[in-house]
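Start at 1 with the first residue, then count along the sequence.
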Amino acid sequence: MTKTLELLGYAPGDRVLIIHADDVGFSHASNVAVFECLDGGSLTCGSALVPAPWFAETAQRSRATGADLGVHMTLTAEYETYRWRSLTGAPSLHAPDGGMWRDVPSVVEHVSAGEAKAELRAQIDHALAMGVDVTHVDTHMGAVMHPKYLPAYVDLAIEYRLPIFFIRPSERRLAALGAGADVYAEQTRRLEDRGFPLLDNVIVQTLSEIAPEDKDVRFREMFAGLRPGLTHFLVHPAAGGPELDAMTPVDSRNRAKEHEIFRTPALRDYCASIGVKLTGYREIRDRLRDLTPALP
């Protein structure tokens, strides 16, 4: 039995799955798709890009529906012509064109750990101020998982008592991290010492890695092959159309197909038929807060 299953009150052999939408609020198209997929579809939760232009609509829809939404911790804005700025406005957070850096190496080169932490805190605080019942924190493009920023990411999860996208590492995974292994191991110990449930597995290569016509079958195969433990499975649904095509022409067909797949309860029903239990981060957050005291 994994530590996470025990903490969350599941049975030793349970396969527990989070079906998660990333990038909520990066566009109107993502808001349309994600909230439809949460309301009667097969998504269980998602996380919002708080600095993105359509976040105000995300917050409005969240308040109206009570959706299970976290903060998609953001230090990058990857699109060529569709750009957003940081909340804190620190110059180092921005590329020469005024938007946040397009890739993680550029962030690491220019942004200090302190400036990153201030921005990530501002994103949580802004989401809360906008009435979002923040259920967790995770990472956009993996930026906050870099050893330079990982301690700040964990600090904020502990301070706000929020579940965190964080994989319990095996020895093999730690070895693969190279110079970052010690930082990751130390942050793992901090979280486990405080009773945080960590992920046993993640499935993240689901967007351009799988052709649109293959997604439904491949997703079912992935769910059927789940091991016992808590698995985070992420997708990027968005409503197809001219907006999406202009913003992200490479991925627009993939995002539109994921909207089509997850807007119905078919995959939710499929999981029930094979004994996979679904959960979202609100359930995990509430369990975490029941088990761990607030910081003084």
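When all heavy atoms of Asn254 and Leu207 are compared, the closest pair comes out as OD1-O, 3.2 Å. In plain terms, the two heavy atoms of Asp23 and Leu49 that are nearest each other are CA-CD1, 3.7 Å. Ala266 and Ser42 make their closest contact through N-OG, 3.7 Å (heavy atoms, listed as atom of the first residue, atom of the second, distance). Residues Ala21 and Val34 approach most closely at CB-CG2, 3.8 Å, considering heavy atoms. Contact between Leu7 and Arg287 at its shortest, heavy atoms only, is O-NE, 2.7 Å. Taking both residues in full, the closest heavy atoms of Gln123 and Val71 are given as CB-CG1, 4.1 Å, listed atom of the first, atom of the second, then distance.
For the residue pair His146/Tyr153, the side-chain donor-acceptor check at 3.5 Å is not satisfied. Residues Ser252 and Asp245 bring a donor and an acceptor atom of their side chains to less than 3.5 Å of each other. In this structure, a donor-acceptor pair under 3.5 Å is absent between the side chains of His140 and Asp22. Side-chain contact annotation: His259 with His236, donor-acceptor N/O pair under 3.5 Å absent. His72 and Thr139 form no side-chain donor-acceptor contact under 3.5 Å, judged by distance and modelled atom types alone. Inspection of the Glu109 and Ser106 side chains reveals no N or O donor paired with an N or O acceptor under 3.5 Å. Side chain to side chain, Ser47 and Asp138 meet the donor-acceptor criterion of an N or O pair below 3.5 Å.
Between Arg189 and Glu186 a salt bridge is recorded (basic side-chain N to carboxylate O distance below 4.0 Å). Using a 4.0 Å cut-off between a side-chain N of Lys or Arg and a carboxylate O of Asp or Glu, Arg102 and Asp97 qualify as a salt bridge. Using a 4.0 Å cut-off between charged nitrogen and carboxylate oxygen, Glu213 and Lys257 do not count as a salt-bridge pair. Checked for salt-bridge contact, Asp216 and Arg220 meet the test: a charged N lies under 4.0 Å from a carboxylate O.
Distance check: Ile18 CD1 to Thr279 OG1 gives 6.5 Å after rounding to the nearest 0.5 Å. Expressed to the nearest 0.5 Å, how far CZ of Arg61 lies from CG of Asn31 amounts to 5.5 Å. In this structure, Ile164 CD1 and Gln187 CD are separated by 8.5 Å, a value rounded to the nearest 0.5 Å. With rounding to the nearest 0.5 angstrom, the CD atom of Glu115 is 12.0 Å from the CG atom of Leu120. For the atom pair Ile203 CD1 and Leu226 CG, the distance stands at 5.0 Å (nearest 0.5 Å).
Under the 3.5 Å distance criterion, the side-chain polar atoms of Asn201 are left unmatched by any main-chain donor or acceptor of Thr231. At least one donor-acceptor pair under 3.5 Å links the side chain of Glu119 to the backbone N or O of Thr88. Counting only distance, with no hydrogens or angles, the side chain of Thr188 and the backbone of Tyr184 share a donor-acceptor pair below 3.5 Å. No donor-acceptor distance shorter than 3.5 angstrom exists from the side chain of Arg83 to the backbone of Gly98, with no hydrogens or angles considered. Within the 3.5 Å criterion, the main-chain N or O of Ile19 finds a donor-acceptor partner in the side chain of Thr44. With Thr4 contributing its side chain and Leu198 its backbone, the two residues share a donor-acceptor pair below 3.5 Å. Under the 3.5 Å distance criterion, the side-chain polar atoms of Asp14 are left unmatched by any main-chain donor or acceptor of Val16. Without hydrogens or angle criteria, Arg282 side chain to Leu69 main chain gives no donor-acceptor distance under 3.5 Å. A side-chain donor-acceptor contact under 3.5 Å links Lys148 to the backbone of Val111.
Among His232, His20, His136, the single residue meeting the ring-ring contact (aromatic ring centres under 6.0 Å, His included) criterion with Phe165 is His232. For the pairing with His28, the ring-ring contact (aromatic ring centres under 6.0 Å, His included) check across Phe55, Trp54, Phe35 returns one residue only, Trp54.
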For this session: Please report the C-alpha distance between Leu230 and Ile284 in whole Å, then the side-chain angles of each, then the deciding distance to 0.1 Å, and finally whether the side chain to side chain contact (heavy atoms under 4.5 Å, CB included) criterion is met.
Result: CA-CA 11 Å; Leu230 179 66; Ile284 298 170; 4.0 Å; yes
For this session: Run the numbers on Glu192 and Arg168 for salt bridge (charged side-chain N to carboxylate O under 4.0 Å, His left out), then give the verdict.
Result: CA-CA 9 Å; Glu192 290 192 322; Arg168 178 177 289 105; 2.7 Å; yes
For this session: Would you check, one step at a time, whether the test side chain to side chain contact (heavy atoms under 4.5 Å, CB included) holds for Phe196 with Phe166?
Result: CA-CA 10 Å; Phe196 272 65; Phe166 195 103; over 6 Å; no
Problem set entry | Test salt bridge (charged side-chain N to carboxylate O under 4.0 Å, His left out) applied to Asp133 and Arg285, step by step | CA-CA 11 Å; Asp133 179 29; Arg285 182 200 64 185; 2.7 Å; yes
For this session: Show your reasoning for whether side chain to side chain contact (heavy atoms under 4.5 Å, CB included) applies to Leu162 and Thr135.
Result: CA-CA 6 Å; Leu162 292 171; Thr135 59; 5.9 Å; no
Exercise. What do the steps show when you test Leu43 against Val235 for side chain to side chain contact (heavy atoms under 4.5 Å, CB included), and what is the final call?
Worked result: CA-CA 9 Å; Leu43 288 182; Val235 286; 3.8 Å; yes
For this session: Give the intermediate values and the outcome of side-chain hydrogen bond (donor to acceptor under 3.5 Å, both in side chains) for residues Tyr281 and Asp286.
Result: CA-CA 8 Å; Tyr281 277 103; Asp286 293 349; over 6 Å; no
Exercise. Could you go step by step and tell me if Lys117 and Asp155 meet the salt bridge (charged side-chain N to carboxylate O under 4.0 Å, His left out) rule?
Worked result: CA-CA 9 Å; Lys117 185 174 184 179; Asp155 285 348; 3.0 Å; yes
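For the pair Arg218 and Phe223, the NZ or CZ position fails the cation-pi test of under 6.0 Å to the six-membered ring centre and within 45 degrees of the ring normal.
Under the 4.5 Å side-chain criterion, counting only non-hydrogen atoms from C-beta, Asp39 is not in contact with Thr65. With contacts defined as side-chain heavy-atom distances shorter than 4.5 Å, the pair Ile261/Lys215 qualifies.
Between Phe219 and Phe233, the ring planes are perpendicular. Angles over 60° get that label, and only those under 30° would be called parallel.
Residue pairs meeting the salt bridge (Lys or Arg N to Asp or Glu O under 4.0 Å) criterion with at least one member in residues 261-279, sequence neighbours excluded: Glu36-Arg263.
For Trp101 and His94, the ring centers are positioned 6.0 Å apart or more.
Within 6.0 Å of CG on Asp103 lie more than 12 heavy atoms contributed by other residues, nucleotides or ligands. Atom CD of Gln205 is surrounded by 12 or fewer heavy atoms from other residues, nucleotides or ligands within 6.0 Å. The local environment of CD in Glu209 is crowded, with over 12 non-hydrogen atoms from other residues, nucleotides or ligands closer than 6.0 Å. No more than 12 heavy atoms of other residues, nucleotides or ligands lie within 6.0 Å of CZ in Arg253, so this atom counts as exposed by the packing criterion.
Cluster membership check: Val108 does not share its hydrophobic cluster with Met100, using side-chain heavy-atom separations under 4.5 Å among Ile, Leu, Val, Met, Phe, Trp and Tyr. Residue Phe26 is not grouped with residue Val107 when hydrophobic side chains (ILVMFWY) are merged at heavy-atom distances under 4.5 angstrom, including chains of intermediate members.
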